[in-house]
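Let me begin by presenting the structure, written as structure tokens, before commenting on it.
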Amino acid sequence: MKQRVFSGIQPTGKVTIGNYLGAIKNWVELQEHYENIFCVVNSHAITTKQDPQILKQHTYDMAALLLACGIDPAQSSLFIQSEIDAHPALAWILNCNIPMGEMERMTQFKDKAQKNPKNINVGLFDYPALMASDILLYQTDLVPVGEDQKQHLELARNVAQRFNRDFGECFKIPEPLITKLGARIMGLDDPTSKMSKSSKAQNHAIFLLDSPEEIEKKFKKATTDSQTSIVFDPERKGVYNLLCIYEIFSKKTRDEIEEEFRDQGYGLLKRRITEVVVETLEPIQREYTKIRSDEKYLLEVLNQGKEKAQSIADQTYKKAKTLVGLI
Ligand code: AQP
């Protein structure tokens, strides 16, 4: 029996190379080793302001893009979170078993609240309970997590352990799946902040569906510094970020890269990054256009994913409901 992996991504904007390198690429590479459940977490997306029509479109775009990146429906179930009612239903039961203090410690809420001061809603605060529900519903063994999600996974583990102790065995306790190259990609305009799909800043992110001209323009404008050497120095945030992006896309070692750019300027570095990113994204973009124009195929894949996911989710939810005495 393969171990089960669960992961999700929010359709909150156009997918960035940060999402690709930090999450999607790893999902694709891992998928043959595990039983995989991947979810477009659109219910999480509404914790920040969304235009309903655009959200709907981004949800299907995201599903098509995941397939274009290599998520294989024969190996992985892919579905849309809001299509399975057990997600918010279990989140409610979990809510009633999470102490306020534990939830208040979640640092991502503080970050997101700072970024959205006009819309600090209860859902944003409660996001980790819905995420715990997503994971626990599927009796998940492993969750691929980046640095910023570690705390949420810990909360999911805590609530599962408490629930099993207080009401009886119900949930598998999920473990983090730490991947080697889970790089955190920073904004090209500001290398001190994470590259994010919902950022509105110009030249902040490279999107997976950007044209070669857009990619070239954004890398050209990327923040560097006034030094001359091109070396992996985390203190020189702009250059370090570009080198990390180049490292993953080019699959070269750090020594090879430093050798390649010895006595060279940032112009060459930016040209080489542009080349390798354009070359990598080109087949993904071609595949995306094909999949996105075949609505029937996309809906078939999502339905098939939903059916498989629903049968597991319903079983877990029913058990949790019975254990707490709900009819
Ligand atoms: N810059 C990044 N570098 C590496 N990994 C990243 N991820 C996101 N940004 C980077 C990873 O992508 C996955 C999907 O994340 P999400 O959609 O659930 O939300 P997020 O982490 O909040 O992603 P964004 O792009 O920053 O979205 P918004 O702008 O809506 O907040 C996660 O595995 C995440 O680690």
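First listed ligand is number 1; within each ligand, the first listed atom is number 1.
Nearest to atom 32 (C) of ligand 1 by heavy atom, out of Ala23, Ser198, Pro11, is Ala23.
Lys321 pairs by the salt bridge (Lys or Arg N to Asp or Glu O under 4.0 Å) definition with nothing, not counting sequence neighbours.
Between Ile9 and ligand 1, a contact under 3.5 Å exists for no N or O pair. For a threshold of 3.5 Å applied to N or O pairs, the pair formed by Met195 and ligand 1 contains at least one separation below that value. Polar contact with ligand 1: present for Lys194 (N/O pair, distance under 3.5 Å). Polar contact with ligand 1: present for Ile185 (N/O pair, distance under 3.5 Å). For Lys197, a nitrogen or oxygen atom sits less than 3.5 Å from a nitrogen or oxygen atom of ligand 1, counting backbone and side chain alike. Checked by distance only, ligand 1 and Gln10 come closer than 3.5 Å through their nitrogen or oxygen atoms.
Close contacts of ligand 1 with Thr12, meaning ligand atoms under 4.0 Å from a residue heavy atom, involve 27 (O), 28 (P), 30 (O). Atom numbering of ligand 1 starts at 1 in the shown order; those under 4.0 Å from a heavy atom of Arg184 are 3 (N), 4 (C).
Between Glu287 and Arg292 there is no salt bridge, since none of the side-chain N atoms of the basic residue sits less than 4.0 Å from a carboxylate O of the acidic one. Salt-bridge annotation for Glu214 and Lys217: absent, with no side-chain N of the basic residue lying under 4.0 Å from a carboxylate O of the acidic one. Remark: Glu247 does not engage Lys252 in a salt bridge, criterion side-chain N to carboxylate O under 4.0 Å. Using a 4.0 Å cut-off between charged side-chain N and carboxylate O, Arg157 and Glu175 make a salt bridge. A salt bridge is absent between Asp141 and Arg4; no separation between the charged side-chain nitrogens and carboxylate oxygens falls under 4.0 Å.
Heavy atoms of Lys112 found under 4.0 angstrom from ligand 1 belong exclusively to the side chain. Contacts of Ser196 with ligand 1, taken as heavy-atom pairs under 4.0 Å, involve both backbone and side chain.
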*Could you walk me through whether Val143 and Ile135 pass the side-chain contact (heavy atoms from CB on, under 4.5 Å) test, one step at a time?*
CA-CA 8 Å; Val143 185; Ile135 296 167; 3.7 Å; yes
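In the hydrophobic cluster analysis, where Ile, Leu, Val, Met, Phe, Trp and Tyr join through side-chain heavy atoms closer than 4.5 angstrom, Val278 is grouped together with Leu268.
Using a 4.0 angstrom heavy-atom cutoff, Leu21 does not count as in contact with ligand 1.
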